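The structure under discussion appears below in the form of structure tokens.
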Amino acid sequence: MCFDNHHYGSKKRENYKAAKDSYSRGVRYRINTENMTIEQVWQYGKLESFTVEVCNDKVMLELHLPANFYRGKKMKLYAEGSNLTLGEGKQLGQIGKTPESEPVVCETGCKTFLPNSCEARIEDEADRFTFYSKFKKGEAVTLLLENKNGTDTHQYGISTTALPLLGKSCWPYLDTAVRSTRTIVHKVEMSGEYDVRVVKFETKR
């Protein structure tokens with residue numbers, strides 16, 4: 001059994017096939033060393049293209065096509081050249097309510113603004129907002145929302161634990177003492193204006 005790259009379909013230039021007629025395949029042969037013959041008994045790839053996209057050991061996409069393709073490529077929505085023309089959008093539903101953390105007690109005597117080193121900012125959208133900030137590794141941090149009259153509160157834990165190293169080549173450049181966090185909150189069951197606070201506790205050991 002072997003992999004046949006099938007480049008051009010022939011080694012003779014005059015017999016080269018067009019790209020659309022070329023294909024790679026897995027192929028199995030039966031070899032008879034006494035009669036000095038070779039028989040093809042199985043192949044896969046000539047009549048179908050099969051593309052799989054895997055992320056974190058989970059299959060995200062399977063694409064079966066009744067044709068021959070060298071590889072599949074996911075195209076960006078906006079690229080140089082011709083772009084897809086989009087019509088007016090319509091919201092069909094909601095992603096769901098963001099899970100909240102256990103309630104915490106915020107002491108009234110410890111209200112201060114986050115230092116500039118945290119680089120805290122909020123990106124507000126129609127159906128959600130995203131809170132960005134930097135914290136020390138291992139700090140217990142909670143994002144607290146409270147409406148103006150104090151009748152509606154929400155609390156969301158912010159993870160400051162170590163993240164998995166996705167690329168070995170980038171490890172010398174990672175700052176292990178500070179974590180850049182991103183907390184997304186969907187506005188389900190929320191209305192009006194809310195005060196945004198951050199509650200921090202001692203660093204976990």
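Computed from a prediction, not measured in an experiment: that's the story for all the values here.
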His154 side chain near Tyr194 side chain, heavy-atom distance below 4.5 Å: yes
Separation between OG1 of Thr153 and CG of Leu144, rounded to the nearest 0.5 Å: 6.5 Å
Thr160 side-chain N/O to Gly138 backbone N/O, donor-acceptor pair under 3.5 Å: yes
CE/Met1: more than 12 non-hydrogen atoms of other groups inside 6.0 Å: yes
Minimum heavy-atom distance between Met190 and Tyr156, given as atom pair plus value: CE-OH, 3.0 Å
Residue pairs, two or more places apart or on separate chains, that pass salt bridge (Lys or Arg N to Asp or Glu O under 4.0 Å) and touch residues 112-125: Glu119-Lys134, Arg121-Glu123, Asp124-Lys187, Glu125-Arg128
Listed partners of Cys2 passing side chain to side chain contact (heavy atoms under 4.5 Å, CB included), at least two apart: Val27, Tyr29
Residues that Pro115 engages under side chain to side chain contact (heavy atoms under 4.5 Å, CB included), provided they are two or more places apart: Ser117, Cys118
Straight-line distance of Arg182 CZ to Tyr132 OH, nearest 0.5 Å: 5.5 Å
Shared-cluster residues of Val188, by chain and number - hydrophobic side chains joined below 4.5 Å: none
Residues in salt bridge (charged side-chain N to carboxylate O under 4.0 Å, His left out) contact with Glu39, at least two apart in sequence or another chain: Arg30
For Thr98 against Ile184, the heavy-atom pair lying closest together: CG2-O, 3.6 Å
Sidechain-backbone polar pair: Asn147 side chain, Asp152 backbone, donor-acceptor under 3.5 Å: yes
Single-linkage hydrophobic cluster, 4.5 Å side-chain cutoff, Ile122 and Val185 together: yes
Crowding at CD, Glu14 (>12 non-hydrogen neighbours, <6.0 Å): yes
Residues forming a salt bridge (charged side-chain N to carboxylate O under 4.0 Å, His left out) with Glu34, sequence neighbours excluded: none
